[in-house]
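Sequence positions, counted from 1, serve as the residue numbers for this chain.
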Amino acid sequence: MAQSEDAGSVTPVDFIQLQEYMEYSTLRVQDVLKEFHSGDRQGQPKFGECIDAAGFSLFLKTYLEDDDFPQDLCQRLFKYFQHFEHDEAESQNREDEVFLRDVSCYFSILEEGQPREKLEFTFKLYDKDGNGLLDGSEVDRIITQMMRAADYLGWDVTELRPVLKDLMGAIDVDDSGTVNLEEWIKGGMNNVPLLVLLGLKMTERDGQHSWRMKHFNKPTYCNVCQGMLLGLGKQGLCCTCCKYTVHSQCANTTPEPCPPTFVRSKKELGVPAHDWISADCSSRKCKVCHKKIKNFAGSRCVWCQEMRHDDCLKSCALSCECGLLKDHILPPWAIYAFSGDDSGSNSLEDTSLFNVTPDGHILQIVPVPDIHPLLVFVNPKSGGKQGERVLRKFQYLLNPRQIYNLCNGGPAPGLHFFRSLHDYRILVCGGDGTVGWILDAIDKAELPVCPPIAILPLGTGNDLARCLRWGGGYDGSDLRDVLKDIAGSVLAPMDRWSVQVIPDDPQEVGDPVPYPIINNYFSIGVDASIAHRFHSMREKHPQKFSSRVKNKLWYFEFATSETIAASCKNLKDCLTIECCGVPLDLSSLSLEGIAVVNIPSMHGGSNLWGESKKADRSSGALDKSAEVITDRELLKTRSQDMSDKRLEVVGLEGAMEMGQIYTGLKSAGLRLAQTPQITIRTLKPLPMQIDGEPWMQPLCTIHITHKNQANMLMAPPSKPSGFFHLK
């Protein structure tokens, strides 16, 4: 590519920053082009013509929906697009301009969408005369944009270029020297590297690999040609589910199919058979003869991970036991495909919840004794890119049929698929909000059993995961260790609470109440004010909140300004609290916040209730019999229990005290009450939050009552990793 290394170069950091902006944008390139031509924007560049620096800046700000897009980055990107390969006629008089169709093609390749739609869009984008044909130069222009997009994604483009060149030569089936739309789409949809580049998602067709481009840190060989994968970037395609690895040019041949994830015959049900796939066994020992296996002289079972010489596969017909992850894997011989006519399902049942194959068969699980299959829900948007990586790892470790991306239909299809089982577990990979989402879905699904739930915490906060010993955030460790902890976990029932907010004036417009249920905590005042300001800023400028460090810095800034402003001062004059009809006396207290807590963690690890003193024996009977406890001395002896059907009410003196509790400089807030029911009446608009989701509430009455209990899993105690214990 004709590109100057200094003037037209863009750094990897620039690409990362650009990707953050693209992730938060809701527009597509097609939308921006329509707006450019609608007359709503100044300049109105014509389709296919050039735009200057001002027009390019306008395009980016419109596409990324951010008028504050960094001007220096905009200038570097403009220079980047100036250095393209063009014919002489188009290159004249464009020293200070770039081609709009080049910019549009580039971003359309990178954005979310179906490959077929992208192929059709790029075709029409470069079909300048609208005759339904592309000539060789126009095809080369598209290849250039694809190469640049691949370079942006970290691919090793030295191998990809000839693959795309061969593709473009092959799609002209009638040797006319031009390509029509039908030839273009047909050729593109049959080219694996191109489909991966265009963002092809995992299909439901059994036997088809789920390819992704990958960089390998150690010598890796192609499973087709057995040659080494070379290059500095992402050198080859790797199947997410079975780790079958190929060169880009080898993916268009006929590689081994991906092992099946279900069986099509009733005879195969309950028959635990190995599924072998050729693998670079890297001098590992054969499970049968115990001799070392040379490169590509052996195969690996995708379920039990055993490795054997190819010659030893038939000599030992032992059944597959699914290895160390036996208790978690939903094996293919437990999933059966049958026609919809044979299902016997209720005609009123929501068919969108069915797990259906492309040929119209419905998948159903048959219980397997002595195992606890794991239903995994992953929120790929949690924890930055952590969710996406966790999703891929679990698709390899377990059966992809038991892994659900919550962005594709939510939790309902997974719960419906597993509802015939009576002994399984759920793993939620995400934040506290994701856990609440799953708990609500379980309530609505009306399952015959309520499965226990473990948590793999992603992102920040994760108060529920902390108090259940799953940690404050996933650190990238081996997921097999997480699965081992799930196997050793114990049941821990957790209370859940209904919240009814009744406005004094139904006509007064306020923010919507985020949740009708409390899982973790509810609060009014100082901490909700900080959270509301944080939330409002993040909604307005999401790209400024793209990492844990940035989030914590912003939160610290808002907490500091709240300490100075004291916007919730004299909270006692702004509300009244009753616990089962008993008024709570706040008259002598100087508080800026009230927290109603269900679990011993808040604000990312703060225990507002704190540790309790040993109870006096003489007060033991009173402890158990009292429905509401407000006596300050007695409350000092009361421990918090998330399954006792009681809530703890805690007073906060201000933002400074919250920081002191979080850092350990202060042991806890002020204990006000333990109660199974609370009524709060506000006398002025106040900031509130439920489980970290804030809103501004006009005058109202709030009733909090017990709803039900969720079956959570408590992780086994962790062994200390060092001398110091870090929070």
Side-chain angles (χ1 to χ4, degrees), residues 192 196 200-212 214 220-224 236-246 250-251 253-282 284 286-288 293 296-310 312-314 316-326 328-337 355 357-359 361 363-366 368 371 373-374 376 391-404 417 479-480 483:
V192 174
V196 176
L200 178 68
K201 302 301 181 184
M202 178 184 173
T203 67
E204 296 296 323
R205 194 171 74 200
D206 229 32
Q208 181 172 346
H209 290 289
S210 179
W211 297 115
R212 60 179 289 262
K214 186 177 179 181
T220 305
Y221 297 86
C222 174
N223 282 96
V224 174
L237 295 168
C238 180
C239 176
T240 297
C241 302
C242 69
K243 300 301 182 185
Y244 195 84
T245 304
V246 296
C250 293
T253 60
T254 308
E256 288 183 63
C258 199
T261 57
F262 61 90
V263 297
R264 294 182 177 273
S265 169
K266 288 185 178 180
K267 294 180 180 179
E268 298 176 274
L269 274 176
V271 180
H274 290 286
D275 277 317
W276 302 104
I277 191 164
S278 64
D280 178 10
C281 298
S282 303
R284 301 281 294 275
C286 173
K287 188 70 174 181
V288 177
I293 307 173
F296 295 105
S299 297
R300 172 179 56 83
C301 175
V302 297
W303 306 118
C304 67
Q305 304 300 321
E306 282 188 11
M307 294 186 179
R308 299 182 185 178
H309 287 105
D310 292 335
C312 296
L313 291 180
K314 297 181 180 179
C316 189
L318 294 176
S319 61
C320 180
E321 296 182 354
C322 292
L324 297 176
L325 303 181
K326 174 183 178 180
H328 302 294
I329 292 176
L330 179 66
W333 54 85
I335 307 175
Y336 174 59
N355 196 325
T357 63
D359 58 1
H361 285 74
L363 298 183
Q364 182 171 307
I365 301 176
V366 178
V368 177
I371 67 170
L374 192 65
V376 182
L391 181 69
R392 292 195 299 266
K393 288 179 180 179
F394 274 125
Q395 286 174 338
Y396 169 66
L397 291 173
L398 306 175
N399 189 333
R401 298 284 174 185
Q402 64 190 107
I403 316 299
Y404 282 80
F417 188 42
L479 290 178
R480 294 178 182 86
L483 295 175

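Using a 4.5 Å heavy-atom cutoff, the side chains of Tyr336 and Ser265 are not in contact. Taking 4.5 Å as the limit, some side-chain heavy atom of Cys301 sits within range of a side-chain heavy atom of Cys320. Side-chain contact between Ile371 and Pro331: present, with at least one pair of heavy atoms (C-beta onward) separated by less than 4.5 Å. Side-chain contact between Arg308 and Arg300: absent, with no pair of heavy atoms (C-beta onward) separated by less than 4.5 Å. Cys304 has its side chain within reach of His274: a pair of non-hydrogen atoms, C-beta onward, lies under 4.5 Å apart. In this structure, Tyr221 and Thr245 have side chains that are not in contact, with every pair of non-hydrogen atoms separated by 4.5 Å or more. Counting heavy atoms from C-beta on, the side chains of Phe417 and Leu363 come closer than 4.5 Å. By the 4.5 Å heavy-atom criterion applied to side chains, Leu313 and Ser299 are counted as neighbours.
Atom CD of Glu321 has 12 or fewer heavy atoms from other residues, nucleotides or ligands within 6.0 Å.
Tested against Cys250 for a side-chain contact (heavy atoms from CB on, under 4.5 Å), the candidates Leu237, Asn223, Val224 yield a single pass: Val224.
Contacts of Arg392 classified as side chain to side chain donor-acceptor pair (under 3.5 Å), with partners at least two apart in sequence or in another chain: none. Taking the side chain to side chain donor-acceptor pair (under 3.5 Å) definition, one finds that Thr261 meets it with Asp206, Arg401, sequence neighbours left out. In this view, Pro259 and Cys242, Asp275, Ile277, Val302 satisfy the side chain to side chain contact (heavy atoms under 4.5 Å, CB included) rule, not counting sequence neighbours.
Across Glu306 and Trp276, no two heavy atoms sit closer than the pair O-CZ3, 3.5 Å. Smallest separation of non-hydrogen atoms from Ile403 and Leu398: CD1-CD1, 3.9 Å. Of all heavy-atom pairs spanning Asp310 and Gly298, the tightest one is OD1-C, 3.3 Å. In terms of heavy atoms, Trp303 sits closest to Pro260 at CZ2-O, 3.5 Å.
The distance from atom OH of Tyr396 to atom SG of Cys238, rounded to the nearest 0.5 Å, is 9.0 Å. Taken from CG in Leu397 to CG in Leu324, the straight-line distance is 11.0 Å, to the nearest 0.5 Å. Atom-to-atom distance recorded for His309:NE2 and Lys287:NZ is 14.5 Å, nearest 0.5 angstrom. In this structure, Asn399 CG and Phe262 CZ are separated by 10.0 Å, a value rounded to the nearest 0.5 Å. In this structure, the separation between CZ on Arg212 and CD on Gln395 is 10.5 Å, given to the nearest 0.5 Å. Distance check: Ile365 CD1 to Leu330 CG gives 4.5 Å after rounding to the nearest 0.5 Å.
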Next item on the list: For Leu325 and Leu483, run side-chain contact (heavy atoms from CB on, under 4.5 Å): C-alpha distance rounded to whole Å, both residues' side-chain angles, the deciding distance at 0.1 Å, then the answer.
Entry: CA-CA 8 Å; Leu325 303 181; Leu483 295 175; 3.7 Å; yes
Next item on the list: Start with the C-alpha distance between Thr240 and Lys393, add both sets of side-chain angles, then the distance that settles side-chain contact (heavy atoms from CB on, under 4.5 Å), and finish with yes or no.
Entry: CA-CA 8 Å; Thr240 297; Lys393 288 179 180 179; over 6 Å; no
Next item on the list: Could you give me the CA-CA distance, side-chain angles and deciding distance for Trp333 and Leu269, then say whether side-chain contact (heavy atoms from CB on, under 4.5 Å) is met?
Entry: CA-CA 5 Å; Trp333 54 85; Leu269 274 176; 5.8 Å; no
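Trp211 and Tyr244 have tilted rings, their planes meeting at an angle from 30° to 60° on a 0 to 90° scale.
Side-chain atoms of Glu256 and Ser278 include a donor-acceptor pair closer than 3.5 Å.
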